[in-house]
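Only a predicted model underlies this, so the values are computations on that prediction, with no experimental measurement involved. Note on naming: letters A, B, ... go to the chains in the order of the sequence lines (proteins, then strands), and numbering restarts at 1 for each one.
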2 protein chains.
Amino acid sequence: MPTKARKLRPGGETPRRTTVHGKLDDGGTRQRLVDATAQIMHDEGYAAATSRRVAAKAGVKQALVYYYFPTMDDLFLAVLRSGAETALEQLRKALTEDDPLRALWRLNCDPRQTVMSTELMALANHRKAIGAELRNFAERVRDIETAAVTMSLRSYGVDLEAYPPVVIAMLVAQLARSVSNESAVGLTRGHEELRQFVEAQFAMLSR
Amino acid sequence: MPTKARKLRPGGETPRRTTVHGKLDDGGTRQRLVDATAQIMHDEGYAAATSRRVAAKAGVKQALVYYYFPTMDDLFLAVLRSGAETALEQLRKALTEDDPLRALWRLNCDPRQTVMSTELMALANHRKAIGAELRNFAERVRDIETAAVTMSLRSYGVDLEAYPPVVIAMLVAQLARSVSNESAVGLTRGHEELRQFVEAQFAMLSR
DNA sequence: GTCTATACTGCGATAGAC
DNA sequence: GTCTATCGCAGTATAGAC
């Protein structure tokens, strides 16, 4: 008797309605809808982010979703843009630290971000508009990362022809993401070795 | 709005035979359902792989899906297992080539596989059973890759303490996948530089 | 093994009151 | 700006005939 029909019910957690002037308005309805969508996407996948589920989590009625977003795709796009702004700000801030390479590694290890990223990647593979926006975002990220890595490598006296900054940036960021992605499903084989290897390379630079 | 044309080119190499009743039995209904699901997942994402769509693509009626698979999750699991078997076979074959490292790179550049992999990863992040199966598969892959890389590095006289094979295997495979993933959404910035860099490292080994 | 038929739930989206 | 109400359709899944 295998369990069938595992319909998931909304968690039941009610939104924090910080009643300021008798109205429930913590950050604006539009942003609450975006946040609710992002959380559902992270927790259960984009397919679970329906207008009804999103509205319930944001504490409004379903039809209101369509007042702010003509279609669900527009809502997904807003989630991407909102997340992108936050991520870019985080990135710029972190890369001004004394060690951009280690910061780059650390940032891309954030499991919350990699799970969300996987979800958006899957979405982007099948929705043209989202693919275009994700690409645009990723290019901006790469440029910022490359600039920071360039300065870092130069300060270490590394030959930038032999070790192009854009390559090092991709290497560090993408490997960190891979590790995080794998960890998300419980796969850790080789992770510790990779971490030590990367750290050893970092250490070699400041030798 | 896809036409109702029957799909007669499943990815698999299952022998096609006609039964006494004159019906085309290319690999069996079960496998056709799995193949149809895989194709829909690849083309439109897992959310589009519904029992109705799958049945239509496989040329059977919707209810028959539930004769072979108690729930849609079981069908997804079958897709994963089927793909995993194929991938493992491909992997073992490719890694017996004269140059396992380049083979590893090439294999993980296959866009078809990376798109599907993203889809399964997203699914795995939210469905326990799929996560467990994906992890199991990934571990087997990593072991095979590591063994091949070990032999390769040893033949090049590389210091296996300084360059642990499992690390090199992850590095090559995951970077190739990253490039492929990005290409899928039209992002190519830094790709050519990375390719050249990786090739240069490979060339240095056989120096 | 495959079909028809159906139960029930949830979906995206719209109309129109307040 | 938010709501109620509703349309039409697609989703998973089951029952039972052949």
Looking at the rings of A:Phe202 and A:Phe197, which for Trp means the six-membered one, are their centres under 6.0 Å apart?
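Aromatic pair excluded; centres sit 6.0 Å or further apart.
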Look at all strands and tell whether B:Val60 reaches a base, only sugar-phosphate, or nothing, counting heavy atoms closer than 4.0 Å.
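Sugar-phosphate contact only.
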Among [options], which nucleotide has an atom closest to any side-chain atom of [X]?
{"X": "A:Met72", "options": "C:dG1, C:dC3, C:dA13", "answer": "C:dA13"}
{"X": "A:Ala63", "options": "D:dG11, D:dC3, C:dG12", "answer": "D:dC3"}
{"X": "B:Leu64", "options": "D:dT12, C:dA13, C:dG1", "answer": "C:dG1"}

Could you give me the CA-CA distance, side-chain angles and deciding distance for B:His42 and A:Asn125, then say whether side-chain contact (heavy atoms from CB on, under 4.5 Å) is met?
CA-CA 9 Å; B:His42 173 276; A:Asn125 277 337; over 6 Å; no
What is the separation between atom [atom1] on [X] and atom [atom2] on [N], rounded to the nearest whole Å?
{"X": "B:Asp74", "N": "D:dT12", "atom1": "CG", "atom2": "C1'", "value": "13 Å"}
{"X": "B:Tyr67", "N": "D:dT14", "atom1": "OH", "atom2": "C1'", "value": "15 Å"}
{"X": "B:Lys61", "N": "C:dT4", "atom1": "NZ", "atom2": "C1'", "value": "9 Å"}
{"X": "B:Tyr46", "N": "D:dT12", "atom1": "OH", "atom2": "C1'", "value": "16 Å"}
{"X": "A:Arg127", "N": "C:dG12", "atom1": "CZ", "atom2": "C1'", "value": "12 Å"}
{"X": "A:Leu75", "N": "C:dA13", "atom1": "CG", "atom2": "P", "value": "11 Å"}
{"X": "B:Tyr68", "N": "C:dC3", "atom1": "OH", "atom2": "C1'", "value": "13 Å"}
{"X": "B:Phe69", "N": "D:dG11", "atom1": "CZ", "atom2": "P", "value": "18 Å"}

Is the shortest side-chain N/O distance from A:Ser51 to OP1 or OP2 of C:dG12 below 4.0 Å?
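Answer is yes, contact under 4.0 Å.
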Below 4.0 Å: OP1/OP2 of D:dT12 and any side-chain N or O of B:Thr71:
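The answer is no; no side-chain N or O of B:Thr71 sits under 4.0 Å from OP1 or OP2.
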Show your reasoning for whether side-chain contact (heavy atoms from CB on, under 4.5 Å) applies to A:Phe137 and A:Leu88.
CA-CA 9 Å; A:Phe137 166 56; A:Leu88 282 173; 3.8 Å; yes
Regarding B:Asp35 and B:Lys57, does a basic nitrogen lie under 4.0 Å from an acidic carboxylate oxygen?
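So B:Asp35 does not pair with B:Lys57 through a salt bridge.
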Between B:Arg135 and B:Glu139 (salt bridge meaning N to carboxylate O under 4.0 Å), is one present in this structure?
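Yes.
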Is a donor-acceptor contact shorter than 3.5 angstrom present between the side chain of A:Arg52 and the base of C:dG10?
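When only heavy-atom distances are counted, A:Arg52 does not reach the base of C:dG10 through any donor-acceptor pair under 3.5 Å.
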